[in-house]
Amino acid sequence: MNIDFSLRKQIALALNESFGADITADSLSLQPTRKEFTGTYTFVTFPFLKISKMKPEETGEIIGDYLKSNSEIVEDYNVVKGFLNLHVSDMAWIKAFSSIVSNDKNGFRPSNGRRIMVEYSSPNTNKPLHLGHLRNNFLGYSVSKIYEALGYDIIKAQIINDRGIHICKSMVAWEKYGNGETPETSGMKGDKLVGKYYVAFEKQYRQEVNALVDSGLKMVEAEKKAPIMLEAVEMLRKWEAKEAETYALWETMNNWVYKGFEITYNHMGVTFDKLYYESDTYLRGKKVVQTGLDKGVFYKKEDGSVWIDLSADGLDEKLLLRSDGTAVYITQDIGTAIERFTEYPDLEKLVYTVGNEQDYHFKVLFLILKKLEYSWADGCHHLSYGMVDLPTGKMKSREGTVVDADDLMDEMEQTALQHTQDLGKIEGFDEAQAANLYRMVGLGALKYFLLKVDPRKGMLFNPEESIQFQGNTGPFIQYTFARISALLRRAKETGIGLFMSDETFQGRLHEHEREVIYLLTQFESRINEAAGEYSPAVIAQYIFELAKEYNKFYQEVSIFGEQDEAKKRFRISFSYAVARTIKSGMGLLGIEVPERM
RNA sequence: GGUCCUGUAGCUCAACUGGAUAGAGCAACAGCCUUCUAAGCUGUAGGUUCCAGGUUCGAAUCCUGGCUGGAUCACCA
């Protein structure tokens, strides 16, 4: 039974019968009653005064009376001005609870056969993953899980920027200074090794640029003329010409990076269903340019370059094809979007998880697709997220202020280890179990920290103090789960059975029990909301509320000390439902929960 | 300069999409472990929701104009 919906239906009936209105349940909304008033749900009557032609108080009374005498759900009500506060009966709560606890898939919908592609990560192959990638990956992965919960079939995709000047820089530096170093000979992770040469390139490049500037060249000139840069550009030219030696080196170094990335992704707990490589796609999209010209959407300048004028839409003119006939980034993106919808004709949405620095780019991209009259253009969505900054400002690879993903995850686990040992909580754990716990807790803290904030907002990461283990944190929620797990183990040992859906017991529900059941009934709609906003933060917030409310119950109400057997069984089942919801909710964030901690 | 995003307690964030006296966590202070895991719970203190107008029964939320911080506007990716 869905309390929320039943109530809205009955309120609609009340409005229609009492005031001759013509209102559907879907058009009504209920909100939780504020703490300082009694009740669970509040119906705001202000908007309906025109229909009732009465004062707010009278309108509330009439609806309240109607509900009290016609609804099994409403036990009582009170009216404060235009607010009708409804008190739900314990019986209704227990009924709602029973239907939740008996459904192990509560909150999740069965497959709907519809398909969505979520793209995330999109790394460059010239350096290791960093904190920004963590936010990106956790967001993309979580949004995938959230849509999966709604029944969608998800393709998790990664586009790997494996070609271009950046990787050529690493290649040049490796050739010059590498002495044949490999991940095997150096013992370094492949991505770290390639990153090392990227840094080496930049260092040498800066020196050369400075020297040229000192000798009188302008900065812009110097940046183009530095000898090592000329080598990188030449390397790129050779690569595009598929010159064998260069191509082989490129493949070798990229493969080192992929092996490194694989380790990092495994550690992060993210996976992909589909890999796209820029080296396969970078020439795509040129064909579309002709289509656009034919349709009159694009136009050609005298020098042969192709543009689109978006000034009527408040944007600028955008280049699509250089005068030498080569494609630019957006052309490539148009091409790959078309390709993906061709490959998966039933694709309903294509979600790009990319930082907000590319807001403009995606706005232009989607607008162009629309102007080209692709019916699926409206299904494209930019999941834009704010940058993660450090107390010292922006992360800059050149200045070495980048927080490395591997290092950060390791540090988090170290901190988890420290906390656990300080608290003396791992009696009876063997080494592997302990290590697994540190991993869960450390990563849980990190993921929760990055996901609990509205994606759109930029965030500050202070390595010293940002990640806590108390309060609104991953470990707090994991701890709540572990506590409940302990209860359930004990219940099993002592042979306490589960509460049956047709059971009742003497006495009233505890207020925290009502509050928690209320939250349990909200799970599905919160998943919906999270999906609609592409915001795992909605889920994070929800689980936190649930865990917090349950902890209040746990603190105040005894379970095994309860004399009434039916009530004891209820509380065990109740705790089970909370644990299950925590587990599946955290699963939507990509966070695991331990049975003991 | 144009466009977009952002601004809420000392700090990090909420506020169910326009609803009641704006809520949590951290930090501070005061309490609660012979009883189910104290990574917990309770309480105190902390606010001109950046500013000024407007819209209406009602605004942190919507509109206008400023201000702060950020992003972006390349024949870069």
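Everything numeric here is computed off the predicted structure, so don't read it as measured data. Just so we're on the same page: letters track the sequence lines, and every chain starts at 1.
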- [ ] On RNA chain B, check which nucleotide each of A:Phe469 and A:Asn85 is closest to and give me the residue with the more 5' one.
- [x] A:Asn85
Identify the pairs formed between an N or O of the protein and an N or O of nucleotides 22-24 of chain B at a distance under 3.5 Å, and give each distance.
from: B:G23; atom 1: OP1; to: A:Arg34; atom 2: NH2; distance (Å): 2.8
from: B:A24; atom 1: OP1; to: A:Lys35; atom 2: NZ; distance (Å): 3.1

Open item on the list: Counting only heavy atoms not in A:Lys567 (residues, nucleotides, ligands), do more than 12 fall under 6.0 Å from its NZ?
Closed with: yes
Task: Interatomic distance, A:Trp239 CH2 vs B:A77 P [rounded to whole Å] - done: 13 Å
Open item on the list: Is A:Phe46 stacked against the base of B:G19, taking the criterion as centroid distance under 5.5 angstrom and interplanar angle under 30°?
Closed with: yes
Open item on the list: Taking only the C1' atom of each, what is the distance from B:G31 to B:G70 in whole angstrom?
Closed with: 44 Å
Open item on the list: Considering every strand and a 4.0 Å limit on heavy-atom distances, what is the contact class for A:Arg526: base, sugar-phosphate, or nothing?
Closed with: nothing
- [ ] Measure from CZ on A:Phe461 to P on B:C11 and round the result to the nearest Å.
- [x] 19 Å
TODO: Could you check how far CG of A:Leu423 sits from P of B:A38, rounded to whole Å?
DONE: 11 Å
Task: Span that lies between the P atom of B:A60 and that of B:A22, in whole angstrom - done: 9 Å
Task: Pair partner, B:C16 [Watson-Crick or wobble, under 3.5 Å] - done: none
Task: Nucleotide B:G70, atom C1' - distance to CD of A:Gln358 in whole Å - done: 16 Å
Task: Residues A:Glu36 and A:Arg34 bridged, charged N to O under 4.0 Å - done: yes
- [ ] For RNA chain B, determine which residues of residues 553-563 of chain A have any heavy atom closer than 4.0 angstrom to one of its atoms, and list them numerically.
- [x] A:Tyr554, A:Gln555, A:Val557, A:Ser558, A:Ile559, A:Phe560
Open item on the list: Does B:A14 have OP1 or OP2 under 4.0 Å away from a side-chain N or O of A:Lys457?
Closed with: yes
- [ ] Check whether any side-chain nitrogen or oxygen of A:Arg322 sits under 4.0 Å from OP1 or OP2 of B:A77, and answer yes or no.
- [x] yes
Open item on the list: Regarding A:Gln522, tell me which of base, sugar-phosphate or nothing describes its non-hydrogen contacts under 4.0 Å with the strands shown.
Closed with: nothing
Open item on the list: Contact between A:Met229 and A:Lys169 at the side-chain level, heavy atoms closer than 4.5 Å - yes or no?
Closed with: yes
Open item on the list: With heavy-atom distances below 4.5 Å as the criterion, would you say the side chains of A:Tyr277 and A:Asn254 are in contact?
Closed with: no
TODO: Ignoring the backbone of A:Lys363, work out which of B:U37, B:A39, B:C4 is nearest its side chain.
DONE: B:C4
Task: Side-chain heavy atoms of A:Phe138 within contact of A:Pro536, under 4.5 Å - done: no
Task: Criterion salt bridge (Lys or Arg N to Asp or Glu O under 4.0 Å) on A:Arg483 and A:Glu595, from CA distance to verdict - done: CA-CA 8 Å; A:Arg483 267 176 154 184; A:Glu595 308 237 325; over 6 Å; no
TODO: Report the glycosidic orientation of B:C57: syn if within 90° of 0, anti in every other case.
DONE: anti
- [ ] Write down the distance separating the P atoms in B:C13 and B:C4, rounded off to the nearest Å.
- [x] 24 Å
Task: Among B:A14, B:G40, B:C41, the one nearest A:Lys552 by side-chain distance - done: B:C41
Open item on the list: Between B:C5 and B:A9, how far apart are the two C1' atoms, rounded to whole Å?
Closed with: 24 Å
Open item on the list: I need the CZ-C1' distance between A:Phe523 and B:C16, as an integer number of Å.
Closed with: 16 Å
Open item on the list: What's the gap between B:A14 and B:A74 when it is taken at their C1' atoms, as a whole Å value?
Closed with: 40 Å
- [ ] Pick the C1' atom in B:G18 and in B:U55, then give their distance to the nearest Å.
- [x] 12 Å
Task: Complement of B:C4, any strand, by Watson-Crick or G-U distances under 3.5 angstrom - done: B:G70
Task: Side-chain heavy atoms of A:Tyr448 within contact of A:Asn472, under 4.5 Å - done: yes
- [ ] Test for a donor-acceptor pair under 3.5 Å between the base of B:A39 and the side chain of A:Thr420, counting only N and O atoms.
- [x] yes
Open item on the list: Stacking between B:G19 and A:Phe83, yes or no? Criterion: centroid separation under 5.5 angstrom, plane angle under 30 degrees.
Closed with: no
Task: Nearest-angstrom distance, C1' atom, B:G65 to B:G23 - done: 31 Å
Task: Between P of B:A74 and CG of A:Leu321, the distance in whole Å - done: 17 Å
Open item on the list: Once you measure the plane-to-plane angle for A:His419 and A:Phe469, does it fall in the parallel (<30°), tilted (30-60°) or perpendicular (>60°) bin?
Closed with: parallel
Open item on the list: Quick check: on RNA chain B, is the nucleotide nearest A:Gly164 upstream (toward 5') of the one nearest A:Tyr518, or the reverse? Name the residue that is more 5'.
Closed with: A:Tyr518
TODO: For residues A:Thr521 and A:Asn2, determine if any side-chain heavy atom of one lies less than 4.5 Å from a side-chain heavy atom of the other.
DONE: no
Open item on the list: Counting only Watson-Crick pairs (N1-N3 plus N6-O4 or O6-N4) and G-U wobbles (N1-O2, O6-N3), all under 3.5 Å, who is the partner of B:G58?
Closed with: none
TODO: Just say parallel, tilted or perpendicular for the rings of A:Tyr542 and A:Phe523, cut-offs at 30° and 60°.
DONE: parallel
- [ ] Rounded off to whole Å, could you give me the OH-to-C1' distance for the A:Tyr385 and B:C13 pair?
- [x] 20 Å
Open item on the list: Looking at A:Asp454 and A:Arg456, is there a salt bridge between them, counting it only when a charged N and a carboxylate O are closer than 4.0 Å?
Closed with: yes
Task: Nucleotide nearest A:Met459 when distance is taken to its side chain, options B:C13, B:C41, B:C26 - done: B:C13
Task: Between B:A39 (C1') and A:Glu413 (CD): distance, integer Å - done: 17 Å
TODO: May I ask you to verify if any side-chain N or O of A:Tyr360 is less than 4.0 angstrom from the OP1 or OP2 atom of B:U72?
DONE: no
Open item on the list: Could you check, using the six-membered ring where one of them is a Trp, whether A:Tyr534 and A:His381 have ring centers closer than 6.0 angstrom?
Closed with: yes
Task: base_contact_polar (B:A20 base, A:Thr42 side chain, donor-acceptor, <3.5 Å) - done: yes
Open item on the list: A quick test of your reading: do over 12 heavy atoms of other residues, nucleotides or ligands sit less than 6.0 Å from NZ of A:Lys301?
Closed with: yes
Open item on the list: For a quick check of understanding: with a heavy-atom distance under 4.0 Å over all strands, which category does A:Asp454 fall into, base, sugar-phosphate or nothing?
Closed with: sugar-phosphate
Task: Candidate nucleotides B:A38, B:C13, B:A39, ranked by approach to the side chain of A:Arg483 - the nearest - done: B:A38
Open item on the list: So if I take every side-chain heavy atom of A:His361 and compare against B:C73, B:U72, B:A77, which nucleotide ends up nearest?
Closed with: B:A77
Open item on the list: Using a distance-only criterion (donor-acceptor N/O pair, under 3.5 Å, no hydrogens), is the base of B:U12 paired with the side chain of A:Lys452?
Closed with: no
Task: Pair partner, B:U35 [Watson-Crick or wobble, under 3.5 Å] - done: none
Open item on the list: Rounding to an integer number of angstrom, what distance separates B:A28 and B:A71 when you compare their C1' atoms?
Closed with: 37 Å
Task: Is_stacked (A:Tyr329, B:A77) at 5.5 Å, 30 deg - done: yes
Open item on the list: Quick check against the 3.5 Å criterion: does A:Tyr385 have a side-chain atom that pairs as donor or acceptor with the backbone of A:Asn136?
Closed with: no
- [ ] Under a 3.5 Å limit for both distances, which nucleotide forms a Watson-Crick or G-U wobble pair with B:U48, could you say?
- [x] none
